[in-house]
Protein chains: 2
Amino acid sequence: MWDADTVTTPPPGLRERKKQATREALRRAALRLAVERGPDQVRVEDIAEAAGVSPRTYNNYFASREQAIVSAVTADREARIAAAVAARPAGVRLTDAVTEAVVEQYTDTGERAHEALLLITTRTALRDAFLDTTADIEPPLTAVIAERLGDAGAHTARVLAASVAAAVRIALEGWLRPTGNAGTAGRSGAGELVLPSGSLPDRLRAALAPLAPAFDAAEQRTRP
Amino acid sequence: MWDADTVTTPPPGLRERKKQATREALRRAALRLAVERGPDQVRVEDIAEAAGVSPRTYNNYFASREQAIVSAVTADREARIAAAVAARPAGVRLTDAVTEAVVEQYTDTGERAHEALLLITTRTALRDAFLDTTADIEPPLTAVIAERLGDAGAHTARVLAASVAAAVRIALEGWLRPTGNAGTAGRSGAGELVLPSGSLPDRLRAALAPLAPAFDAAEQRTRP
DNA sequence: ACGCAAACTTGCGTGCACGCAGTTTCCTTG
DNA sequence: CAAGGAAACTGCGTGCACGCAAGTTTGCGT
């Protein structure tokens, strides 16, 4: 039996590789077509054809048309965030490890991805699909946080990971929406311009900051 | 001008009342038909017909077939939770106010609703729709929390509310899934039986507990 | 009291998600 | 190495979400 050191390294297997190749082909086809013709002029049938599979197969891989386009940008961000957290030395505060890992993985999105982001912002359906990908970081984050907290804090880890995902989503929402803040606060009355239009890293840090006390408390409970 | 005491009391307006009546009719029709024939034997067309509107109108009110059925159970839970929080005296810890309000509103679901919950648990599509309703509590919660924290903690309130929603969702997920815990922890190794099968209130409190330090810190920052 | 503008409803058409069953491809066990 | 079995791809059919462009109702201003 192979070494079970890392989580995601079973024997590659020819079958699985073809599967990932197909997935990647769909990603690329979806993004390329969306850029070429505009997002609304791309049907699932077109993407499938460009990737060389049947339309039916397409949504064995993606649940919606938008997911394929967006996944070309998000790729395997979840795994990278989890790895980035695990890579931090065990001495640093868990809060800082998570925050820095998130900021790091959301800012270096690459030059090409930034081009695609402009495309995404133009269509609300794509924006929503993009925002939904923040939920994907939850399981890997749960795993690495649980590792630091020990088995006693298993479901604490789950809650913290979900909270991080929620905070990231909020940061992204605000970032993607320079104008038009609809129905958020109840009756805050006067000022609504809490953050004029900060950069993405700033927004991420600001959104994660309120969770720091919860992380600290959870972390200290494991080392009295 | 009318009294602007509570958040949701603009002038009723005859137009709005008919709208709510239609919504309620759809809710009831959806639930009744789902109970009578089983959830899978109910088409949108049937619900619309039973409520006396066209199928097209149906999804001006509900985005999916499942939402109509589920909303008969969830009703206006969001508003009730927010009201329950606001009703607590200003002296108690914000954490406790929120936790108790959530527990209160999720446990007294009523006798009839419990019958419907059994129906919901039988179909994963309905379960998912039910879990998605937890996101609805986020905006009202943001409002009441922001009210306590003052305008300085506006986006802190947003993050906390989202975290609460996430925690509630986790609690409900675990509660609705007595068996079969799929792909949550990374490699926690031995014990996975963190909570054998606690009651819903217990699960809610357990899920919200890790957030308490964050609430306390935010609250204290407003009163030095 | 009357008409106007906005909002709600409706029919129609298109594209899509997904279950089902048959076929092909790959991995594993004897 | 061969056969069994599982997983993935595919065609087909059904129901649904949603944009668009009328038609209809409600409520308000003059």
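What you are looking at is a predicted structure, and each value in this text was computed from that prediction instead of being measured. So you know, we letter chains A, B, ... as the sequences are listed, proteins then strands, and number each from 1.
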Between the first and last five pairs of the helix from dA1(C)-dT30(D) to dG30(C)-dC1(D), the angle of the axes, rounded to 10 degrees: 30°
N-O pairing of E104(B) and R88(B) below 4.0 Å: yes
Within 45° cone and under 6.0 Å: R203(A) NZ/CZ vs Y106(A) ring: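 Output no; distance or angle outside limits.
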Residue pairs, two or more places apart or on separate chains, that pass side-chain hydrogen bond (donor to acceptor under 3.5 Å, both in side chains) and touch residues 126-139 of chain A: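 As it turns out, the side-chain hydrogen bond (donor to acceptor under 3.5 Å, both in side chains) pairs with a partner in residues 126-139 of chain A, which skip direct neighbours, are D132(A)-R169(A).
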Sequence-distant partners of T122(B), side-chain hydrogen bond (donor to acceptor under 3.5 Å, both in side chains), two or more places apart: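 In terms of side-chain hydrogen bond (donor to acceptor under 3.5 Å, both in side chains), with neighbours along the sequence ignored, T122(B) is linked to no residue.
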Exercise: do T57(B) and N60(B) side chains pair donor with acceptor under 3.5 Å: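 The criterion, which ignores hydrogens and geometry beyond distance, is not satisfied for N60(B) and T57(B).
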Partners passing salt bridge (Lys or Arg N to Asp or Glu O under 4.0 Å) against E49(B) (at least two apart in sequence or in another chain): none
Where protein sits on nucleotides 8-18 of chain D, one letter per nucleotide: B base, S sugar-phosphate only, - none, heavy atoms under 4.0 Å: SSBBB---SBB
Residue pairs, two or more places apart or on separate chains, that pass salt bridge (Lys or Arg N to Asp or Glu O under 4.0 Å) and touch residues 63-80 of chain A: none
